[in-house]
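The block underneath contains the structure these notes are about, expressed in structure tokens.
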2 protein chains.
Amino acid sequence: MASDRTKALKGAVRTPRRGSEAPTIADVARAAACSPMTVSRVINGEDSVREETRELVLEAINKLNYTPNRAARSLAGGAQVRIGLLFDNPSASYLAEFLMGALEEAGRRDVHLEVQSCDSTDEAKPMMRKMFESGISGFILPPPLCDDQSVLDLVAELDTVAIAVGPGKADGTHGSVTIDDFQAAYDMTRHIIGLGHKRIGFIIGNPEQVASGRRLGGFCQAMQDAGLDVPDELLVQGRFNYRSGMAAAERLLALDPRPTAIFASNDDMAAATVAVAHRQHLDVPNDISVCGFDDTDLARSIWPELTTIRQPIRAMTAWAVAAIVRALRSKRSAELPKIERAVMPYDLIRRESDAAPALSAPTAKSGLQT
Amino acid sequence: MASDRTKALKGAVRTPRRGSEAPTIADVARAAACSPMTVSRVINGEDSVREETRELVLEAINKLNYTPNRAARSLAGGAQVRIGLLFDNPSASYLAEFLMGALEEAGRRDVHLEVQSCDSTDEAKPMMRKMFESGISGFILPPPLCDDQSVLDLVAELDTVAIAVGPGKADGTHGSVTIDDFQAAYDMTRHIIGLGHKRIGFIIGNPEQVASGRRLGGFCQAMQDAGLDVPDELLVQGRFNYRSGMAAAERLLALDPRPTAIFASNDDMAAATVAVAHRQHLDVPNDISVCGFDDTDLARSIWPELTTIRQPIRAMTAWAVAAIVRALRSKRSAELPKIERAVMPYDLIRRESDAAPALSAPTAKSGLQT
DNA sequence: CCATCATATGGTAGCGCTAACACAAAGCGT
DNA sequence: ACGCTTTGTGTTAGCGCTACCATATGATGG
């Protein structure tokens with residue numbers, strides 16, 4: 001008898017093993033009176049579905065509160081898309097924004113993000129190799145990695161998909177998302193000039209990053225267009241970090257006549273400038289205006305809050321993820337992988353660190369002080 | 001003839017659609033001369049595999065450079081695990097570390113992370129509800145969310161799995177990872193006392209966060225144990241941000257006699273203290289020592305770099321992800337979901353913002369200054 | 001010596017979705 | 001009228017893995 005039962009069970013229906021009771025595509029299909037395939041098509045926005053049918057399906061989806069199963073999707077859809085994200089010593093606030101944008105989009109697109117941090121560009125390259133070999137299908141390259149020629153060469157060699165977040169090379173091996181650094185710096189400079197400043201110091205960013213040059217360029221152009229002179233002494237080299245900002249600010253503030261405003265190429269250096277100014281008992285913004293760039297967390301966490309340029313970092317990385325997915329798709333369908341480039345809008349955020357220069361020309365104040 | 005061909009094709013093998021040529025579990029099974037099932041068991045570390053067989057399989061895995069397909073795994077394994085991560089205005093540097101830890105572990109465990117930011121605890125609750133309804137199976141709660149009773153109540157109501165990153169309540173509704181804030185503050189205070197300081201100011205953290213009280217407690221205990229007095233004037237309330245740190249520092253530095261050291265409950269407030277000190281032409285650390293807590297990015301980006309307590313934030317969030325996965329698993333297998341709690345080790349990081357007090361008692365220096 | 005159990009392994013049937021095809025119906029040129 | 005394409009939908013067969021059972025083998029116990 002026991003064996004009879006066993007035999008009977010053999011042909012019988014096994015216990016099904018649905019993970020949860022979440023609705024599946026089949027449930028939706030039933031509710032919409034069509035095939036699962038049609039539902040799939042609607043979900044994926046294919047255009048070969050009659051409008052009528054589509055609405056029926058959407059209604060069913062809504063009623064059942066259906067969400068596609070990500071795992072099944074990427075399993076059936078072929079390769080799982082994994083995107084590598086390498087960081088080389090970014091400022092934390094930049095990183096946070098960056099990750100949020102990437103994560104959000106990755107969630108939406110059902111892409112897996114592989115995040116790695118490294119300590120130098122040289123370390124980054126073998127890591128990229130390893131990630132590529134382990135099946136990473138695309139990379140997002142934040143600065144300064146996207147500014148390093150050898151990294152870009154590696155991208156070309158691997159023939160992988162990469163998006164530079166920041167100005168990339170236009171050699172067609174990779175896409176890029178960036179803001180118009182030149183124009184943004186130009187606008188900020190005009191804003192400062194508009195306040196009445198004439199002697200404006202500029203702290204240059206890390207020379208290894210392309211954006212630094214662009215920002216410098218925008219500054220110089222705006223000054224020139226306003227008929228203002230930019231003596232070399234007003235251009236001081238920094239490296240995008242607080243430390244370098246302090247050194248640069250000290251040099252600028254020791255100048256005679258002292259500049260009435262300082263435009264730093266990023267917020268970290270601007271924050272350092274504010275600190276140095278305070279140490280010298282200068283009031284910001286009344287004795288000296290300070291402007292930054294990036295609108296990272298820091299810009300709002302110090303006092304006075306920084307007037308700065310806001311980069312839509314989150315939107316930029318989200319775009320980068322989406323662009324990689326698109327590129328991968330077109331690569332698989334044998335079209336030549338298209339390289340996309342995007343230029344995002346920026347904003348000039350006016351806060352409390354800038355003001356019109358003091359009425360008494362600062363020249364009066366500073367006698368010989370050597 | 002054409003129709004003949006069509007009919008022939010009908011029964012024929014379709015084009016297979018392997019996404020990539022990555023090895024599958026079947027390939028490994030073939031190489032190890034066993035069934036895919038056995039390979040699966042080895043991968044998942046089940047113990048019902050003979051040691052001999054296991055090694056054979058591992059060898060094959062290595063040779064083929066096989067990695068399991070995540071999508072297939074979670075599809076077959078039942079429910080996909082999705083973990084919600086809600087942020088309420090964290091400092092960017094904290095967020096960055098936090099995310100890195102969570103992402104890393106989520107990658108390893110093949111868990112999907114759903115990150116959301118919100119602007120207040122009140123906003124957080126409806127968001128949690130919505131996420132829960134959309135199938136989020138667990139939450140990681142960073143401070144200050146994990147300190148809010150109504151949020152914890154919601155966790156209990158939803159009967160979902162949650163891990164507080166920070167000291168949680170011990171009511172058994174949720175797990176937690178934290179460091180011993182009391183002991184860490186105690187250690188730091190002893191360190192400062194050991195330097196020779198006797199008059200030490202303390203900036204308290206946001207009163208809504210449990211950790212604040214613990215840190216304060218540790219400070220007071222250490223002072224008491226050293227036989228040092230803590231007059232009320234040396235305890236100033238802050239809110240964990242730069243702004244509040246500035247205000248607090250101004251009050252402390254205006255004291256007569258001025259404290260020779262200030263211990264701020266986090267790095268942001270310590271950084272603010274350094275800035276205020278500098279503005280008052282005080283040298284850090286020679287005129288005044290400043291110590292922070294957390295070892296966020298900021299601690300190393302200002303000058304002098306802060307002596308602070310390092311929390312292993314990354315490890316903590318990684319642990320949180322792993323704990324949620326474990327809890328979910330035990331919940332599914334009908335065991336009562338176990339609530340895990342972990343206390344992680346911390347480090348006292350000595351940098352440049354602390355030193356022995358100046359030989360001349362500061363009292364001498366500060367006359368009446370009103 | 002056979003029932004009973006533990007241990008190690010295999011077979012099968014899905015998990016939920018989509019690629020690739022099949023096909024019916026409609027449109028269009030000749 | 002016939003082929004030919006186009007459009008919208010259905011059918012089938014997986015994607016790579018694991019849950020669930022079955023089974024082979026040895027160990028135990030009465």
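Bear in mind the structure is a predicted one, so any value in this text is a computation, not a measurement.
Regarding contacts with the backbone of C/dC17, every side-chain N or O of A/S74 stays at 4.0 angstrom or more from both OP1 and OP2. Regarding contacts with the backbone of D/dT7, every side-chain N or O of A/R50 stays at 4.0 angstrom or more from both OP1 and OP2. The side chain of A/T24 places no N or O atom within less than 4.0 Å of a non-bridging phosphate oxygen (OP1 or OP2) of C/dG16. The side chain of A/R73 places no N or O atom within less than 4.0 Å of a non-bridging phosphate oxygen (OP1 or OP2) of C/dG16.
Atom pair A/E46:CD and C/dA20:C1' shows a separation of 12 Å (rounding to whole Å applied). Between A/R41 atom CZ and C/dC21 atom C1' the separation is 11 Å, expressed in whole Å. Atom CG in A/L64 sits about 14 Å away from atom P in C/dG16, given to the nearest Å. When rounded to the nearest whole Å, the span between CE of A/M37 and P of C/dA24 equals 19 Å. Rounded to whole angstrom, the span from the CZ atom of A/R30 across to the C1' atom of C/dG16 amounts to 13 Å. Following rounding to the nearest Å, B/I61 (CD1) and D/dC17 (P) show an atom-to-atom distance of 10 Å. Atom CG of B/D27 is separated from atom C1' of D/dC17 by 13 Å (rounded to the nearest Å). Whole-Å rounding puts the B/I43 CD1 to D/dA19 P distance at 12 Å.
Contact check for B/S35 versus B/T38: side-chain heavy atoms found under the 4.5 Å cut-off.
Among A/K130, A/E123, A/K125, the single residue meeting the side chain to side chain contact (heavy atoms under 4.5 Å, CB included) criterion with A/M127 is A/E123.
Nearest nucleotide to the side chain of B/T38, out of D/dC17, C/dG16, C/dT9: C/dT9. Taking the side chain of A/L75 as heavy atoms from C-beta on, and the options C/dG10, D/dC17, C/dG16, the nearest nucleotide is C/dG16. Distance from the side chain of B/A76 is smallest for D/dG16 among the nucleotides D/dG16, D/dG10, C/dA8. Checking C/dC17, D/dG16, D/dG8 against the side-chain heavy atoms of A/N69 singles out C/dC17 as nearest.
Evaluation of atom-type donor-acceptor distances gives no pair under 3.5 Å for the side chain of A/R70 against the base of C/dG16.
For the atom pair CG (A/L103) and CZ (A/R314), the distance works out to 10.0 Å, reported to the nearest 0.5 Å.
The neighbour count for B/E59 CD, taken as heavy atoms of other residues, nucleotides or ligands under 6.0 Å away, does not exceed 12.
Donor-acceptor pairing under 3.5 Å is recorded for the side chains of B/S176 and B/R341.
Residue A/R54 is the one, among A/R54 and B/S40, whose nearest nucleotide of DNA chain D lies closer to the 5' end (criterion: closest heavy atom). Two residues, A/N44 and B/V49, neighbour DNA chain C, and the one matched to the more 5' nucleotide by heavy-atom proximity is B/V49.
In this structure, B/S48 reaches the bases: a heavy-atom distance under 4.0 Å links it to at least one base atom across the strands shown.
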